[in-house]
Visitor: 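What follows is a structure written as structure tokens; I'll ask about it next.
Order of appearance sets the numbers: ligands from 1, and atoms from 1 within every ligand. Position 1 is the first residue of the sequence; numbering continues from there. Hydrogens, waters and symmetry mates play no part in the numbers below; they use all other heavy atoms, side chains included.
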Amino acid sequence: MKGTFKALLLAASTFAQTLPTLPKPETQSVSFNSSFKFSATQLELGQLWPELAENLETVLNYDRSQLANGGPSQDDFYKLSNSTAPTTPGQILRVQRVTDPKVWNIPAKTALSRFIYTTTTANGTLIPASAYILWPWTARRVGTEASDKAPVVLWSHGTSGFYADGSPSAHRSLFYGNIMPFTLAQAGYVVVATDYAGLGVQTSWDGSLVSAQYQNRVSQAFDSLYALRAARQIFPDKITDKYVNVGHSQGGAAAWGVSEVLAENADNHFDDLECDYLGSIIFAPGINSLFAAPQVFAPWIGKDLHLLYPDFKLSDWLSPLGMDRTELLTQIQGGQFVSELLFLANATEIVNPAWNESWYASTYTQFTNPGNRPYKAPMILFQGTEDQGGRSFNNSLSAFESTCKNHHSGSFEFVSLPGVAHFPSMDSTRQQWLQWIEDRFNQKPVGSQSCIKSTIKSFLPADSYQEFSTSFPQWAGAANEYFELVAGGF
Ligand SMILES: *[C@@H]1O[C@H](CO)[C@@H](O)[C@H](O)[C@H]1NC(C)=O
Ligand SMILES: *[C@@H]1O[C@H](CO)[C@@H](O)[C@H](O)[C@H]1NC(C)=O
Ligand SMILES: *[C@@H]1O[C@H](CO)[C@@H](O)[C@H](O)[C@H]1NC(C)=O
Ligand SMILES: *[C@@H]1O[C@H](CO)[C@@H](O)[C@H](O)[C@H]1NC(C)=O
Ligand SMILES: *[C@@H]1O[C@H](CO)[C@@H](O)[C@H](O)[C@H]1NC(C)=O
Ligand SMILES: *[C@@H]1O[C@H](CO)[C@@H](O)[C@H](O)[C@H]1NC(C)=O
């Protein structure tokens, strides 16, 4: 369609004879590409009143319309056939070397690959996961490796969801869009990014359900590292062995987890990846979230916690209403905002009041919080002071300080960002982290082997600035929507 249209324009401008017939411009569908409505049974299960149901449907239909090809529940790429069971983590199960990008929103002159590979749960059970690779048009020239290879950034995303439909690889903008993957690819890096197990592929090779291990620094670190191992086997001649490790929020904890898993390198299991590690950038890592907001984190974590602690029952943490709403969330594969609406609508009725009296909450938090362990240096952590009203800043700073006091393992910098909230920790420091990545590839020594603190202040007074982006990239790839695109013209 697009090709024909361009050919017509070309013919028209070349011969200046008859002008092409432009497609009739049509406004974007305001109802997005989904029209989900709750069934009567679901309304009853969730004890949803009409206004709450309508609000949830609005958000869910928006979320679903952001999924390319209808997302994992409809896209056959994510459906594994029942073939021979794989035997080791990092094994390749399916490769789409060139993903047709037309229904994604990725920038012009970037390219997408997707693959499915094996990873493990925190406890070592072999399971499948999906990942994407976002390619630059030209590779950034860095370091000493062959210049026909693109330098790798291993990216761990923040909370996108808890079910198959939450997979960034199926999101038209790869969920973080310009904030991270698009920026990296356009700067000449190749982005290797896991969805995390449980997001993307929902059914394993033996027909079993693949659950998400939400906010688990260990399982998410495994997902990232095994994705990298698989990507290297798929594209040995296209991507560098050296890599920089980056993550934000849930993924900030995951990326910190990557550095801890590499520092431990139990049984020399990660020798292949440890030696090529150049360092980690951590943005606003998720720490102590369960205790800060159990109304949402207890359902998100609890629904799959039996994978870690087999005796755990969801009723240890949730009220009957909380359990019913979690069941409803599972049925609709709701993401972060859907579940916030769902749980916060009755915030005081969701958790079992005794949720924090059993050992699960504190043991889980200790196990999954990053920090207070040896790490693989160098690391840099960017943290805004306005993240969750300052609570996240305090959590990050104390994790940094106790890690440095008890487990100093080399260069670690804590960068305070006055006036900056959770997501803008990346927007506000783009120059600094792009430089940091480039310096690592160029083997530039880090300034100090110690733990240091620094501050990046805004150029104008902090309150002069736009706080958050107020638009999102909406797919407009049909011919009758071209008029909305700058790139649609001559
Ligand atoms: C719109 O949604 C339908 C149904 O979910 C899906 O099959 C289709 O691929 C989506 N359209 C695009 C352009 O992604
Ligand atoms: C997949 O194959 C295994 C044996 O290899 C079998 O036990 C299992 O039931 C099959 N699952 C499905 C969903 O067909
Ligand atoms: C999984 O690992 C955790 C933490 O090491 C441990 O407490 C738990 O018993 C293990 N669970 C299973 C199912 O092996
Ligand atoms: C949930 O909140 C609504 C609105 O405040 C209230 O009417 C309803 O009774 C609550 N449901 C439960 C089970 O507490
Ligand atoms: C459990 O949380 C409640 C608030 O939800 C708090 O009042 C109580 O002190 C906590 N108990 C423990 C043992 O931490
Ligand atoms: C963060 O720590 C500072 C210094 O200890 C304290 O004054 C402030 O109240 C804390 N903020 C939050 C939200 O806990």
Visitor: Need the ligand 4 atom indices (1-based, order shown) with element for anything under 4.0 Å from a heavy-atom of Trp49.
Guide: 1 (C), 2 (O), 3 (C), 4 (C)

Visitor: Just checking, Lys303 and Tyr163: is the charged tip under 6.0 Å from the six-membered ring centre and within 45° of the axis?
Guide: yes

Visitor: Out of all atoms in ligand 4, which are within 4.0 Å of some heavy atom of Gln47? Include the element for each.
Guide: 13 (C)

Visitor: Pairs of nitrogen or oxygen atoms closer than 3.5 Å, one from Asn346 and one from ligand 4: do any exist?
Guide: yes

Visitor: What atoms of ligand 4 come within less than 4.0 Å of a heavy atom belonging to Leu321?
Guide: 13 (C)

Visitor: Does NZ or CZ of Arg114 fall inside the cone over Phe77's six-membered ring, less than 6.0 Å from its centre and within 45° of the axis?
Guide: yes

Visitor: Taking the six-membered ring for Trp, are His248 and Tyr176 parallel (under 30°), tilted (30 to 60°) or perpendicular (over 60°)?
Guide: perpendicular

Visitor: Do the rings of Trp355 and Phe291 sit parallel, tilted or perpendicular, given the 30° and 60° boundaries?
Guide: tilted

Visitor: Run through all N or O atoms in ligand 3 and write down each protein N or O closer than 3.5 Å, as a pair with its distance.
Guide:
unit_1   : atom_1 : unit_2 : atom_2 : d
ligand 3 : 2 (O)  : Asn123 : OD1    : 3.3
ligand 3 : 2 (O)  : Asn123 : ND2    : 2.4
ligand 3 : 11 (N) : Asn123 : ND2    : 2.7
ligand 3 : 11 (N) : Leu308 : O      : 2.7
ligand 3 : 14 (O) : Asn123 : ND2    : 3.0

Visitor: Are Lys453 and Phe400 side-chain neighbours, meaning at least one heavy-atom pair lies under 4.5 Å?
Guide: yes

Visitor: Tell me whether Arg217 forms a cation-pi arrangement with Phe367, defined as NZ or CZ under 6.0 Å from the six-membered ring centre and within 45 degrees of its axis.
Guide: yes

Visitor: Report yes or no: is the cationic atom of Arg64 (NZ for Lys, CZ for Arg) closer than 6.0 Å to the six-membered ring centre of Phe36, at no more than 45° off its axis?
Guide: yes

Visitor: Counting only nitrogen or oxygen atoms and a 3.5 angstrom limit, does Asn356 reach ligand 5?
Guide: yes

Visitor: Could you label the plane-to-plane angle of the Tyr226 and Phe270 rings as parallel, tilted or perpendicular, counting under 30° as parallel and over 60° as perpendicular?
Guide: tilted

